[in-house]
Amino acid sequence: MQSKEWDIHLFLYRRPWDQPLLPHSDLLLARAGALFSGAEGGWSVCRPPGEKPFFAHRPELHFSLSHSGDFWLCAMSRQELGLDLQQQRVQQVERLSRRFFSPQELDFLQQQDYADFFSVWAAKEAFVKHSGRGIRQDFGSFSVAGPQGLLEEVAGLQLRQLPFLPGYSLCLCAERLCCVLLRLLSLR
């Protein structure tokens with residue numbers, strides 16, 4: 001199936017209960033690339049230090065990876081994008097919020113007793129993954145939440161919290177979020 005310019009495909013792989021580790025990410029990424037584009041082969045990934053990885057022979061395709069718990073997830077499109085999946089585990093959310101979040105995000109989280117901590121974290125990671133800077137960027141230098149809640153747009157980029165399983169937060173970031181298609185991956 002050929003993808004349109006603004007389409008975003010999310011490829012989801014869940015580790016089987018009897019498999020101790022997730023398969024190598026490049027294997028899953030090559031499978032996702034072939035399904036997205038309809039083309040087999042040529043899915044080697046370049047990983048320049050300090051930059052976003054890309055397909056060596058298909059630089060017009062963009063992807064963002066995330067894995068949490070038993071899940072591996074890849075967003076793929078013809079536009080730049082960022083994706084993050086967070087398993088909601090009990091953490092020291094107040095301490096982490098003070099260390100990494102902006103004052104606006106702290107105010108928002110404190111008002112609702114940190115209930116949306118993982119949604120804020122996923123949105124921040126998706127935003128910085130869009131640029132390829134990852135969490136090296138000062139997380140407190142921008143905000144994905146305001147007094148009314150999570151923002152739908154930051155610096156001209158759209159953020160979308162996507163439904164996932166209970167106990168997880170999932171966020172997607174791109175210039176334009178319209179058609180998002182979830183596809184299950186299998187290695188069989």
Side-chain angles (χ1 to χ4, degrees), residues 1 3-17 19 22-23 25 28-29 31-33 35-36 61-91 93 96-97 100-102 104-106 108-131 134-135 139 142-187:
M1 173 194 318
S3 174
K4 296 182 180 121
E5 179 182 4
W6 296 104
D7 287 356
I8 297 172
H9 292 211
L10 296 181
F11 294 94
L12 174 67
Y13 177 83
R14 184 174 194 172
R15 179 184 65 84
W17 67 271
Q19 185 179 335
L22 284 169
S25 191
L28 294 168
L29 188 54
R31 179 80 177 120
L35 289 170
F36 180 81
L61 297 183
H62 304 278
F63 63 89
S64 183
L65 303 175
S66 189
H67 44 83
S68 191
D70 290 339
F71 295 98
W72 177 93
L73 200 58
C74 171
M76 194 168 292
S77 181
R78 298 189 186 287
Q79 64 172 318
E80 291 283 353
L81 58 140
L83 171 78
D84 192 57
L85 175 66
Q86 290 291 318
Q87 185 176 20
Q88 300 167 358
R89 293 185 238 161
V90 176
Q91 303 275 341
V93 295
L96 289 170
S97 297
F100 292 108
F101 292 171
S102 72
Q104 299 91 333
E105 292 160 341
L106 275 172
F108 165 67
L109 288 171
Q110 288 169 346
Q111 289 172 9
Q112 37 93 36
D113 200 28
Y114 297 90
D116 283 327
F117 170 82
F118 291 100
S119 295
V120 171
W121 190 276
K124 289 181 87 65
E125 278 214 44
F127 181 79
V128 297
K129 283 181 176 183
H130 177 277
S131 69
I135 59 174
F139 256 23
F142 64 96
S143 183
V144 298
Q148 305 305 316
L150 291 165
L151 302 175
E152 293 180 4
E153 188 172 307
V154 175
L157 298 174
Q158 295 179 359
L159 290 167
R160 178 109 12 99
Q161 298 289 325
L162 300 174
F164 200 71
L165 293 173
Y168 286 86
S169 294
L170 175 61
C171 188
L172 184 60
C173 176
E175 181 182 337
R176 183 172 166 194
L177 294 170
C178 52
C179 180
V180 178
L181 175 67
L182 178 64
R183 302 176 74 176
L184 301 178
L185 270 185
S186 170
L187 295 177

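This one's a predicted model, so the numbers in the text were calculated from it and none came from an experiment.
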- Message: Measuring centre to centre across the rings, with the benzene-like ring taken for any Trp, is Phe100 within less than 6.0 Å of Trp121?
- Response: yes

- Query: Just by modelled atom types, is the Arg176 backbone N or O under 3.5 Å from a matching donor or acceptor in the Gln79 side chain?
  - Reply: yes

- Hey, are Glu80 and His62 close enough side-chain-wise for a donor-acceptor pair under 3.5 Å? yes

- Query: Can you name the residues that form a side chain to side chain donor-acceptor pair (under 3.5 Å) with Gln87, not counting sequence neighbours?
  - Reply: Arg89

- Query: Any luck finding a side-chain donor-acceptor pair between Ser169 and Gln88 under 3.5 Å?
  - Reply: yes

- Query: What about Phe71 and Phe164, are their ring centers closer than 6.0 Å?
  - Reply: yes

- Main-chain N/O of Lys129 paired to Glu125 side chain as donor or acceptor, under 3.5 Å: no

- Please confirm whether the backbone N or O of Ile8 pairs with a side-chain atom of Arg78, one donor and one acceptor, at under 3.5 Å? no

Show me the donor-acceptor pairs within less than 3.5 Å that the side chains of residues 148-157 make with the rest of the protein, sequence neighbours left out.
none

- Query: Sub-3.5 Å donor-acceptor pair from the side chain of Ser97 to the main-chain atoms of Leu106, do we have one?
  - Reply: no

- Query: Does the ring centre of Phe127 sit less than 6.0 Å away from the ring centre of Phe142?
  - Reply: yes

- How about Phe118 and Tyr168: are their ring centres within less than 6.0 Å of each other? no

